[in-house]
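So the structure is just underneath, and the comments pick up after that.
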2 protein chains.
Amino acid sequence: MGAQSNSHLRPKVAVDAVVLSFAQREFQTYLVRPRAAAARGKWACPGGLVAVGETLDDAARRELRASGLANEPYLEQLFTFGNPSRDPAAHVISVAYLALVAAPVRSSSPTKKYFEGSWFRVSALPALAYDHALMVRRGIARVQAKLGYTNIACNLLPESFCFSELEALYSGVLGRVLDRRNFRRRIMAMGILRPAPGVRRGNHRPAQLYRFLKRDLQTVQIL
Amino acid sequence: MGAQSNSHLRPKVAVDAVVLSFAQREFQTYLVRPRAAAARGKWACPGGLVAVGETLDDAARRELRASGLANEPYLEQLFTFGNPSRDPAAHVISVAYLALVAAPVRSSSPTKKYFEGSWFRVSALPALAYDHALMVRRGIARVQAKLGYTNIACNLLPESFCFSELEALYSGVLGRVLDRRNFRRRIMAMGILRPAPGVRRGNHRPAQLYRFLKRDLQTVQIL
DNA sequence: CCAAAAGTGTTGGCTCTACACCCATGA
DNA sequence: TCATGGGTGTAGAGCCAACACTTTTGG
């Protein structure tokens with residue numbers, strides 16, 4: 001058939017997701033160990049080929065479900081990697097997604113597609129297949145930038161959180177300590193948080209919980 | 001791996017370029033009228049299918065050359081559009097590029113691929129094929145945002161320009177008048193311009209020319 | 001009672017905005 | 001000489017960064 005005879009001359013399209021969370025003062029990323037030969041022995045971002053008739057977002061969500069990740073993440077398109085040599089086996093163009101989850105947990109089972117999935121500190125990544133190290137770096141850069149001018153932080157925190165948790169996120173990402181009073185005043189002045197019922201307890205004075213007023217992405221000058 | 005064996009079931013990949021310039025206090029975009037049946041009778045952003053072995057950037061540059069555009073533009077990836085219904089004829093995933101040129105001029109000849117190419121004010125666009133109206137809007141939004149925190153303006157201006165031209169760009173994009181003295185002081189304080197030889201003449205006092213110190217993209221807080 | 005984190009105000013410096021007049025040229 | 005845009009300084013307001021002590025709980 002004609003379509004098939006020249007279709008090998010066209011690049012294929014995949015989606016890959018850079019899955020990030022923030023814990024222990026650092027970004028964590030979720031990686032999988034594919035059974036496919038091309039990436040054997042290395043770790044990779046969850047991903048796979050796009051099917052005809054499917055949107056890119058749907059493909060990304062489908063692949064994330066198949067990767068053993070627990071909860072529905074926040075998703076946004078990151079960048080499309082099209083270097084023909086990024087996969088030595090074939091020309092595969094990959095639409096990378098950024099996926100943010102509130103806490104680095106993983107669902108129970110490995111799948112048919114992967115040997116296993118696991119979280120890694122981004123400062124200590126294993127060997128990554130393809131150009132996935134590049135992808136992860138770009139994903140982190142995107143989040144760092146967006147923390148400064150959007151409410152994207154709400155996708156990296158549990159639904160309610162205390163002020164020190166929010167501050168730890170910003171302080172960790174910026175790599176410098178923030179003045180607690182100035183930070184609180186600034187965030188409060190923007191009116192993007194509202195107090196939530198309950199307190200966070202510990203060996204110390206209980207902390208008021210808060211949640212984001214709106215959880216959909218909006219631009220607000222934070223830093 | 002069903003998708004892999006039935007290769008005719010895979011989406012195709014194209015690149016499209018949102019070509020923007022700034023003139024007469026407004027963005028202008030370069031559009032073409034394709035000979036291809038799918039877009040017959042409408043205008044479109046220049047673009048076409050990606051070949052195996054070619055990078056996305058190369059594909060975009062190749063398509064721009066084929067579109068009758070005069071000079072080498074600044075290029076950056078914009079967004080990848082993958083909605084399966086964006087092209088009723090087939091599932092074509094399009095990697096959109098943003099292309100900026102200093103002045104809206106077009107090369108002489110129409111090509112085999114297009115009937116013609118022409119510049120339009122973005123406030124008065126003709127009917128656009130596919131989802132290209134969306135693309136153009138997103139391209140403009142990107143430039144507007146980046147004008148505020150990068151030196152991207154250097155790709156929308158001639159190599160040397162006088163202060164009022166820079167100011168007209170910002171003022172036009174922001175949709176409000178800027179205080180000339182404050183604007184000049186602010187830009188000068190950033191040290192991203194240097195005086196260029198020569199002056200801009202007119203029915204008035206001659207204006208000192210300037211050029212950007214560095215023309216590669218760098219982030220600087222401008223607004 | 002001790003440790004550990006939560007919560008809270010003020011001030012000085014700096015930055016930003018608002019604002020008006022003279023200058024150099026071409027016609 | 002007139003019209004047109006080019007070029008320049010200052011002062012008041014508002015914002016931001018720096019700074020330390022008291023509170024509440026668990027152990």
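Each chain gets a letter, A, B and so on, in the order the sequences are listed, and its residues count up from 1.
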Using only atom types and a distance under 3.5 Å, with no angle test, would you say the side chain of [X] pairs donor to acceptor with the backbone of [Y]?
X: B:Gln77; Y: B:Val95; value: no
X: B:His132; Y: B:Ala44; value: no
X: A:Ser94; Y: A:Phe81; value: no
X: B:Gln221; Y: B:Leu223; value: yes

With nearest nucleotides of DNA chain C determined for A:Asn182 and B:Asp179 from heavy-atom distances, which residue corresponds to the more 5′ nucleotide?
->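 Its nearest nucleotide being more 5', the pick is A:Asn182.
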Measure up the [X] and [Y] rings against each other and bin them: parallel (under 30°), tilted (30 to 60°), perpendicular (over 60°).
X: A:Tyr30; Y: A:Trp119; answer: tilted
X: A:Phe161; Y: A:Phe212; answer: tilted
X: B:Phe120; Y: B:Trp43; answer: perpendicular

Would you indicate whether B:Gln24, at its atom CD, is surrounded by more than 12 heavy atoms from other residues, nucleotides or ligands within a distance under 6.0 Å?
->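 Check fails, neighbour count at 12 or below.
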First encountered from the 5' end of DNA chain D, between A:Arg181 and B:Glu165 |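 It is B:Glu165 whose nearest nucleotide is closer to the 5' end.
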Measuring from A:Leu209:CG to A:Arg194:CZ, what's the distance to the nearest 0.5 Å?
->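 The CG atom of A:Leu209 sits 12.0 Å away from the CZ atom of A:Arg194.
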Write down the distance between [atom1] ([X]) and [atom2] ([N]), rounded to a whole number of angstrom.
X: B:Leu178; N: C:dA18; atom1: CG; atom2: P; answer: 11 Å
X: A:Ile187; N: C:dG7; atom1: CD1; atom2: C1'; answer: 16 Å
X: A:Leu223; N: D:dC16; atom1: CG; atom2: C1'; answer: 13 Å
X: B:Gln221; N: C:dT15; atom1: CD; atom2: P; answer: 15 Å
X: B:Leu166; N: D:dG5; atom1: CG; atom2: P; answer: 18 Å
X: A:Gln208; N: D:dT23; atom1: CD; atom2: C1'; answer: 15 Å
X: B:Phe163; N: D:dT8; atom1: CZ; atom2: C1'; answer: 12 Å

Which of the following nucleotides, D:dG9, C:dG7, D:dG7, is nearest to the side chain of B:Arg185?
->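 Among the listed nucleotides, the one closest to the side chain of B:Arg185 is D:dG9.
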Any idea which of C:dA18, D:dG7, D:dA17 is nearest the B:Arg184 side chain?
->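 Closest of the options to the side chain of B:Arg184: D:dG7.
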N/O contacts under 3.5 Å, protein versus nucleotides 25-27 of chain D?
residue : atom : partner  : partner atom : Å
D:dT25  : O3'  : A:Arg201 : NH1          : 3.4
D:dG26  : O3'  : A:Asn203 : OD1          : 3.3

hbond_proxy B:Arg180 side chain to D:dG6 base (donor-acceptor, 3.5 Å cutoff) =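 Indeed, a donor on one side and an acceptor on the other fall under 3.5 Å apart.
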Candidates B:Val15, B:Thr55, B:Leu75 - the one meeting side chain to side chain contact (heavy atoms under 4.5 Å, CB included) with B:Arg61 =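 Exactly one candidate clears the test, B:Leu75.
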Starting from the first five and the last five pairs of the helix from C:dC1-D:dG27 to C:dA27-D:dT1, work out the angle between the resulting helix axes, to 10 degrees.
->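 So the angle between the two local helix axes works out to 10°.
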Full working for salt bridge (Lys or Arg N to Asp or Glu O under 4.0 Å) between A:Lys113 and A:Glu63 = CA-CA 10 Å; A:Lys113 192 167 179 181; A:Glu63 289 293 342; 2.6 Å; yes
Given A:Asp57 and A:Tyr97, is the side-chain contact (heavy atoms from CB on, under 4.5 Å) satisfied, shown in steps?
-> CA-CA 8 Å; A:Asp57 288 33; A:Tyr97 272 77; 2.6 Å; yes
Using a cut-off of 4.0 Å on non-hydrogen atoms, how would the nucleic acid contact of A:Arg186 be classed: base, sugar-phosphate, or nothing?
->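 It contacts sugar-phosphate atoms only.
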Taking only heavy atoms on the protein side, list every residue of residues 167-177 of chain A lying under 4.0 Å from any atom of DNA chain D, sorted numerically.
->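 Here the set is empty: none.
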Contact under 4.0 Å: A:Ser164 side-chain N or O vs C:dA6 OP1/OP2 =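 Yes, such a contact exists.
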